[in-house]
Amino acid sequence: IYIGPKSDISDLITEFKAGLVIRNNDINHSASAIIETSYSKELLKNYRLGALTLYDSLMNKDIGLKKYSQIISNYKT
């Protein structure tokens, strides 16, 4: 569940269908989305698969280490 303003994270969650994205102060949507999700095994399964795909595509250990290495290399003297 991401609660906050539109951001890179909310865009990724939406793109990969990796979970709920709720805007700040959207109480009615928050409650209904959480209740709907809690009763839907299929929706939870889809979010789980979306989150796994997102992680494997952009955030796994190898990708993360490569990105950090590139950033650090920019600051070598």
Side-chain angles (χ1 to χ4, degrees):
I1 298 174
Y2 170 82
I3 300 174
K6 182 170 173 34
S7 67
D8 291 344
I9 297 297
S10 68
D11 291 345
L12 287 172
I13 293 170
T14 300
E15 177 184 343
F16 283 87
K17 297 177 178 68
L20 296 173
V21 173
I22 299 168
R23 297 292 173 237
N24 292 339
N25 302 316
D26 192 351
I27 303 298
N28 292 333
H29 179 249
S30 300
S32 63
I34 292 169
I35 290 169
E36 176 188 353
T37 302
S38 70
Y39 285 111
S40 175
K41 288 184 180 182
E42 187 67 25
L43 191 53
L44 288 170
K45 177 183 171 185
N46 291 339
Y47 285 160
R48 184 179 72 240
L49 293 174
L52 182 59
T53 302
L54 169 60
Y55 175 80
D56 285 343
S57 299
L58 301 174
M59 300 177 184
N60 71 45
K61 181 180 173 183
D62 293 332
I63 292 171
L65 290 174
K66 183 177 178 182
K67 287 181 183 179
Y68 283 121
S69 177
Q70 289 170 345
I71 291 169
I72 291 169
S73 293
N74 291 336
Y75 295 99
K76 281 185 174 178
T77 55

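Remember, it's a predicted structure, so these values are computed and weren't measured experimentally. The chain is numbered in sequence order, starting from 1.
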With a 3.5 Å cut-off and sequence neighbours excluded, list the donor-acceptor pairs that the side chains of residues 4-13 form with protein atoms.
{"residue": "Lys6", "atom": "NZ", "partner": "Asp11", "partner atom": "OD1", "Å": "2.5"}
{"residue": "Lys6", "atom": "NZ", "partner": "Asp11", "partner atom": "OD2", "Å": "3.2"}
{"residue": "Ser7", "atom": "OG", "partner": "Tyr2", "partner atom": "OH", "Å": "3.2"}
{"residue": "Ser7", "atom": "OG", "partner": "Ile9", "partner atom": "N", "Å": "3.3"}
{"residue": "Ser7", "atom": "OG", "partner": "Ser10", "partner atom": "N", "Å": "3.2"}
{"residue": "Ser10", "atom": "OG", "partner": "Ser7", "partner atom": "N", "Å": "2.8"}
{"residue": "Ser10", "atom": "OG", "partner": "Ser7", "partner atom": "O", "Å": "2.9"}

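Counting all heavy atoms, side chain and backbone alike, Gly50 lies closest to Ala18 at C-CB, 3.7 Å. Listed here is the closest heavy atom pair of Ser57 and Phe16: OG-CE2, 3.9 Å.
Linking Ile, Leu, Val, Met, Phe, Trp and Tyr residues whenever their side-chain heavy atoms come within less than 4.5 Å places Ile3 and Leu43 in a single cluster.
Applying the side chain to side chain contact (heavy atoms under 4.5 Å, CB included) criterion to Ile34, with sequence neighbours excluded, gives Ile1, Leu20.
Surrounding CG of Asn25 are at most 12 heavy atoms belonging to other residues, nucleotides or ligands under 6.0 Å away.
The CG atom of Leu49 sits 12.5 Å away from the NZ atom of Lys17 when rounded to the nearest 0.5 Å.
The list of side-chain hydrogen bond (donor to acceptor under 3.5 Å, both in side chains) pairs with a residue in residues 28-46, not counting sequence neighbours, is empty.
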